[in-house]
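Here the structure is a predicted model, which means the values were calculated and not measured.
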Amino acid sequence: MNDLYLIGNGFDLAHGLETSYNHFLLWYINDFLKKSWRQNQFEDKLLILDRKGFHYDIPTDLKSIQEVFQSLDNVKCELKPKNDFFNKIIKNFRESNWVDIEYEYFRTMVDFYRVIDLNPHNEKSTIGSVRDLNDCFEILKLRLIEYLKSLVIESEKHNQIIEEILLAGNGPRNNDKGDKLYLYFNYTNTMSLYSDKFSPKNPVIYIHGKLLDDNNPIIFGYGDEMHPYYEKIENLNSNEFLKNIKSFSYFKTNNYQRIMRFIGGSHNPFTVKILGHSCGLSDRILLNTIFEHPNCNAIKIYYYQKSETENDYFEKTQEISRHFKSTSKGEMRNKIVSFERCSPLLPFKE
């Protein structure tokens with residue numbers, strides 16, 4: 001039996017790296033405030049800060065989005081996003097303390113489609129708005145890359161339990177246990193902590209690209225071609241709407257084809273092992289292809305242990321369910337490994 005590991009952002013977080021969109025946005029705003037120091041007005045491509053004539057200093061190491069806006073209110077300053085999309089990102093971050101930039105991007109794209117659908121005469125101006133959205137998305141992508149490059153992996157933080165999960169059966173004495181493919185959805189280099197222990201036949205594929213690797217450029221976008229509006233958007237015959245759909249970026253490398261070769265064939269059954277991947281909709285078309293593949297025998301979740309009594313196993317099963325078509329739900333129930341046979345990625349620590 002082969003193993004296909006799906007390794008997501010929770011894997012980086014378990015290694016002490018602050019790689020969530022929340023961490024990135026807080027860094028971005030703190031960096032913006034640092035650059036605006038003692039200026040009455042300051043702006044970059046996404047934000048404007050108006051001190052309204054007040055010359056107070058603003059702290060630039062704020063620990064939460066709520067602290068950011070409380071500090072700004074205290075000194076009568078206003079932070080204003082320049083476009084509606086980034087305004088929604090900041091609003092969601094502030095109200096929910098959580099945001100998925102890629103998901104919000106596609107939701108905004110659907111809203112633009114609806115404008116055209118209601119009134120085709122709006123198509124030209126709406127495509128201009130989509131172009132502005134893509135420009136904003138590109139800026140966020142470049143700043144995200146800048147932020148991730150600034151993070152330092154502290155190798156002493158990587159955990160023995162993660163290592164045992166990741167490298168189980170990986171070595172010269174375990175050839176009879178099948179091949180392994182590590183499908184890495186992050187941009188970071190955390191997997192390098194383990195690379196010297198990988199068997200050559202068990203490769204790591206950076207499916208969304210890798211920092212500082214021109215031959216494997218960063219893919220930042222959305223991948224839900226099963227969404228009911230996707231085909232409608234595609235039929236608009238405007239490439240601007242498809243600019244950040246992940247499927248088209250996969251053509252930049254042969255990574256996708258390598259995954260298909262691993263899972264394909266009539267004699268290659270495999271188990272999916274999920275390590276820190278959210279299984280969110282931004283990767284829906286790829287995950288659907290993997291989960292519904294006839295060679296996929298089981299889906300095992302290494303869940304996040306929130307406390308001594310709480311974990312996200314059942315939330316994860318709900319996310320996985322969204323990647324199965326309605327006609328395949330029975331197949332889903334057969335494939336997901338029961339809770340009693342799963343385990344946490346890391347144990348809970350106070």
Side-chain angles (χ1 to χ4, degrees), residues 6-13 17-28 46 65 81 83-113 129-148 183-188 206-211 216-230 233-234 240-252 255-256 274 276-290 315-316 319-320 322-323:
L6 305 185
I7 303 172
N9 190 53
F11 184 81
D12 274 354
L13 294 172
L17 288 178
E18 296 184 337
T19 52
S20 71
Y21 287 139
N22 288 23
H23 292 125
F24 159 61
L25 287 171
L26 191 58
W27 167 85
Y28 173 78
L46 298 180
I65 189 67
N83 59 68
D84 290 339
F85 172 62
F86 197 55
N87 187 50
K88 280 195 287 187
I89 295 293
I90 298 298
K91 184 173 184 289
N92 287 348
F93 186 28
R94 187 177 183 183
E95 293 178 355
S96 305
N97 201 34
W98 182 88
V99 67
D100 184 334
I101 295 174
E102 292 168 304
Y103 177 66
E104 289 300 329
Y105 169 81
F106 189 74
R107 284 184 60 185
T108 304
M109 196 72 73
V110 169
D111 289 342
F112 283 138
Y113 167 80
S129 298
V130 173
R131 190 173 292 112
D132 292 341
L133 169 65
N134 286 334
D135 289 344
C136 176
F137 197 67
E138 181 66 18
I139 294 167
L140 284 171
K141 170 185 170 181
L142 294 175
R143 292 309 306 271
L144 175 63
I145 292 171
E146 180 184 347
Y147 170 64
L148 293 176
L183 187 51
Y184 194 60
F185 286 79
N186 304 332
Y187 310 123
T188 58
Y206 289 74
I207 185 60
H208 287 158
K210 186 178 180 182
L211 290 172
N216 193 8
I218 299 300
I219 295 174
F220 187 51
Y222 203 71
D224 184 7
E225 294 168 32
M226 295 167 61
H227 191 283
Y229 273 92
Y230 177 78
I233 288 173
E234 196 170 49
E240 198 66 40
F241 275 87
L242 305 178
K243 190 171 183 179
N244 291 299
I245 297 299
K246 287 180 178 177
S247 286
F248 301 105
S249 294
Y250 289 151
F251 297 136
K252 294 177 181 179
N255 288 335
Y256 187 88
I274 299 174
H277 195 291
S278 68
C279 295
L281 292 175
S282 64
D283 295 315
R284 192 177 192 183
I285 196 63
L286 175 57
L287 296 184
N288 168 261
T289 302
I290 292 170
E315 297 168 36
K316 198 75 72 184
E319 297 294 342
I320 292 170
R322 295 187 176 96
H323 300 291

Taking the side chain as everything from C-beta on, heavy atoms only, tell me whether [X] gets closer than 4.5 Å to [Y].
| X | Y | answer |
| --- | --- | --- |
| Tyr230 | Ile245 | yes |
| Asn22 | Asn97 | yes |
| Asp132 | Asn83 | no |
| Ile145 | Phe220 | no |
| Trp27 | Glu18 | no |
| His277 | Leu287 | yes |
| Ile139 | Phe86 | no |
| Leu25 | Ile65 | no |

Evaluate the side chain to side chain contact (heavy atoms under 4.5 Å, CB included) criterion for residues Arg143 and Phe24: first the C-alpha distance (whole Å), next the side-chain angles of each, then the deciding distance (0.1 Å), finally the verdict. CA-CA 9 Å; Arg143 292 309 306 271; Phe24 159 61; 3.9 Å; yes
Could you go step by step and tell me if Thr19 and Leu148 meet the side chain to side chain contact (heavy atoms under 4.5 Å, CB included) rule? CA-CA 7 Å; Thr19 52; Leu148 293 176; 4.0 Å; yes
Work out which heavy atom in Cys136 is nearest to a heavy atom in Leu46; give both atom names and the distance. SG-CD2, 3.6 Å
Heavy-atom closest pair (Ser282 atom, Gly221 atom, distance to 0.1 Å) is CB-O, 4.3 Å
Side chains of [X] and [Y]: donor-acceptor distance under 3.5 Å anywhere?
| X | Y | result |
| --- | --- | --- |
| Asn92 | Tyr21 | no |
| Asn134 | Asn244 | yes |
| Asp283 | His323 | no |

Carboxylate-amine/guanidinium proximity below 4.0 Å for Lys246 and Glu102: yes
Does the distance from a Lys or Arg side-chain N to an Asp or Glu carboxylate O, for Arg107 and Glu104, drop under 4.0 Å? yes
Verify ring-ring contact (aromatic ring centres under 6.0 Å, His included) between Phe112 and Phe241, making sure each step is shown before the conclusion. CA-CA 9 Å; Phe112 283 138; Phe241 275 87; 7.3 Å; no
Tyr147, OH atom: more than 12 neighbouring heavy atoms under 6.0 Å: yes
Got a sec: does the CG of Asp135 have more than 12 other heavy atoms crowding it under 6.0 Å? yes
In this structure, is the centre-to-centre distance between the rings of Tyr229 and Tyr113 below 6.0 Å? yes
Using ring centroids (six-membered ring only for Trp), state whether Tyr206 and Phe185 fall under 6.0 Å. no
In terms of ring plane angle, is the pair His208 and Tyr187 parallel, tilted or perpendicular, where the classes change at 30° and 60°? tilted
Supply the atom-to-atom distance [X] [atom1] to [Y] [atom2], rounded to the nearest 0.5 angstrom.
| X | Y | atom1 | atom2 | value |
| --- | --- | --- | --- | --- |
| Arg284 | His227 | CZ | NE2 | 8.0 Å |
| Glu225 | Thr289 | CD | OG1 | 8.5 Å |
| Ser247 | Ile219 | OG | CD1 | 9.5 Å |
| Ser129 | Asp111 | OG | CG | 11.5 Å |
| Ile7 | Ile274 | CD1 | CD1 | 11.5 Å |
| Cys279 | Arg322 | SG | CZ | 11.0 Å |

Counting only N and O atoms by type, is there a donor-acceptor contact under 3.5 Å from the side chain of Ser278 to the main-chain atoms of Gly280? yes
NZ or CZ of Lys88 within 45° of Phe85 ring axis and under 6.0 Å: no
Evaluation steps, side-chain hydrogen bond (donor to acceptor under 3.5 Å, both in side chains), between Asn186 and Asn9: CA-CA 6 Å; Asn186 304 332; Asn9 190 53; 5.2 Å; no
Apply the test side chain to side chain contact (heavy atoms under 4.5 Å, CB included) to residues Leu144 and Tyr28: give CA-CA distance (whole Å), side-chain angles for both, the deciding distance (0.1 Å), then the verdict. CA-CA 9 Å; Leu144 175 63; Tyr28 173 78; over 6 Å; no
Side chain to side chain contact (heavy atoms under 4.5 Å, CB included) between Leu286 and Tyr250, worked out: CA-CA 10 Å; Leu286 175 57; Tyr250 289 151; 3.8 Å; yes
Might you work through the ring-ring contact (aromatic ring centres under 6.0 Å, His included) test for Tyr105 and Tyr222, ending with a clear yes or no? CA-CA 8 Å; Tyr105 169 81; Tyr222 203 71; 7.9 Å; no
